[in-house]
Amino acid sequence: MTENNQKQTMRFETEVTQLLNLMIHSLYSNKEIFLRELVSNASDAADKLRFEAATDDALYGGDSDLHVQIDINKEARTITITDNGIGMSRDEVIENIGTIAKSGTKAFVESLSGDSKKDAHLIGQFGVGFYSSFLVANRVTLNTRRADMAEEHGVSWASAGDGAYTIETIARPQRGTEIILHLRDDADEYLEDYRIKSIIHKYADHIPFPIRMQSIIEAETDDEGNETKAAEISIDTVNQASALWTRAKSELSDEEYINFYKHVGHDYDGPLSWVHQKLEGKYEYTLLLYIPKHAPFDLWQQDAKHGVKLYVRRVFIMEANNDLLPRYLRFVRGIMDSSDIPLNVSREILQKNPAIDAMKKGATKRILGQLADLAKEKAEDFTTFWNEFGNCLKEGIIEDFSNKAAIAKLLRFASTETDTQSASLEDYVARMKEGQDTIYYITAESLAAAKHSPHLEVFRKKGIEVLLMHDRVDEWLTQHLHDFDGKKLQSIAKGELDLSNIGDEEDKAKMEEAAKAAEPVIEKVKKALGDKVKDVRSTHRLTDSPACLVSDQFDMGGNLERILKQAGQEVPTSKPILELNPEHALILKIANIDDEATLENWANLLLDQAILAEGALPEDPAGFVQRINQMLAH
Ligand code: ADP
């Protein structure tokens, strides 16, 4: 570490400056959240100290009364928020709130909508809470000292939010952090005790450390102006200061649950739903887990910022996600508090600890149960959930074998019966035709491509529902989900299709006759296409189109092959099977052509249009255009 004692002026990176400008000039509604953010940081700092002190008691230096103090100075027009938590070193100050824009800062600036009210809500989620000080202050001073450093290694940071800040090393006897906000002229209201207290009740009642404020009882005087009772200063604790999850469910209001979520979930919006449960058995633990209303910006990033918080007997240990819940539930927020884990637990121990394992399993079951209840009782909320997190949940089918059946019930798809992703597999099974024992689906690049696929023609004719899968993850999903409720799942673009059990006998006989009649033309097309295709055969999948492509049952299929190729993976190209509609006018026409060159043109045209209908490109697009033009001109 390089120590530079002198006062230095440093510039923020462009994105931080942009952010500060926004705080000062644009995000004017809901300014009061600055206090929520600063108190939340102070509480995290106290949590961190308590965790480190669990293995090194000396860090307390005799003062283990962790708390946050708020002081108002009307003359100086300042509010000071002080904690005796972990504090920061000079390097940490620079890294955490200094020069460099954290990934969250950039993401925050990018996601701004211009609607001040909405944008202010995003502050907590993106981890730029400290800067919300500038919503009410035109100058901010932060003095801090890390608990494990000597007195002379204190740090003072100051900025007027104008693109630069100063930093210097100071002597600071007390550990922890003090933030002094020099209020702007329009922020008078925050100099009032009652206003600050009401904000704390609103946002910070559940913070598990006392938040203290001075209250001054004015001196009493008699008629002659003699002081009969001296002014008194007392320190009051303003919040409840108990860990919310340790309280009985019956004691807690929805509002308290929601406010706690806003703190642990770093989300201004309330949650969609929550589970609060104390479990006693071989292992004892408490869960308070929330399902958010919307996805965080980093849901699809490997190093997502937030997760579930792990506590051991009310001591905060760490925030982690993949260790405490399976990865496909990474959107869940909240806390897990175990009574069976050593306080000095490390990440390595976490992964092997049987108590964590039991808690992870229990939490997974409860979240899935909660989602099942939501689907049953609050369909609209479940739709919100599905639209935000459905694709995460699909990963569960691949990842979590033991809960596969429960997850499968939660899946929703678009289908030929509904354009929105709202068909469950149970719905599908309930709508199955008499004689149908298979759940049919098609995978494609987009809903439009799936919906207009020629493969659907015969299903439409017979009124058989087909699931329209168009998310990339669906390709993997279907490789792991082979059946549901005893019914096989089958791609309608793979293998031989046998719908003979569904529909009437007459149809069947007619089809067989047509197929027989088409044998010569099929032979001709097969010869003309040579090794471009695996096979050419007659189909009964089609009613309106002349041709379509099919993969062998165990081949990868065109859609997956394209996805993998786009991702730069080497995949063996499996040749498709071309199926021809024996009753289509075009096929009947080709049956009468004997000229080899003309026949070859027609055969290639059939193949290429079947490729196009899948949403893919023919191997030789220019050749395809040429062929079409040639035929149009004839
Ligand atoms: P977030 O808290 O979401 O990470 P902030 O901008 O509010 O984003 O804070 C950035 C970082 O600065 C925190 O993660 C923490 O490491 C540090 N920090 C902020 N306030 C304090 C404090 N009172 N005590 C110790 N560290 C703090």
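Both counts, for ligands and for their atoms, begin at 1 and track the order of listing.
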Cation-aromatic face contact Arg90/Trp157, 6.0 Å, 45 degrees: no
Proximity of Asp83 to ligand 1 by residue part, where a heavy atom lies under 4.0 Å: side chain
Option nearest atom 20 (N) of ligand 1 (shortest heavy-atom distance, choices Leu38, Asn41, Ile97): Asn41
Whether over 12 other heavy atoms sit under 6.0 Å from Arg195 CZ: yes
Short side-chain to backbone donor-acceptor contact, Asp340 and Tyr283, under 3.5 Å: no
Sidechain-backbone polar pair: Asp63 side chain, Asp65 backbone, donor-acceptor under 3.5 Å: yes
Exercise: identify the closest heavy-atom pair between Ile97 and Phe12: O-CE2, 3.8 Å
Arg77 side chain to Arg184 backbone, donor-acceptor under 3.5 Å: yes
Phe130, any N or O under 3.5 Å of ligand 1 N or O: yes
Pick from Glu92, Met88, Glu37: the one approaching atom 18 (N) of ligand 1 most closely through a non-hydrogen atom: Met88
Ligand 1 atoms in contact with Gly129 (distance to a heavy atom under 4.0 Å): 5 (P), 6 (O), 7 (O), 8 (O)
Options Thr144, Ile86, Thr177, ranked by nearest heavy atom to atom 22 (C) of ligand 1, top entry: Thr177
Contact check: Asn96 vs ligand 1, nitrogen or oxygen atoms, below 3.5 angstrom: yes
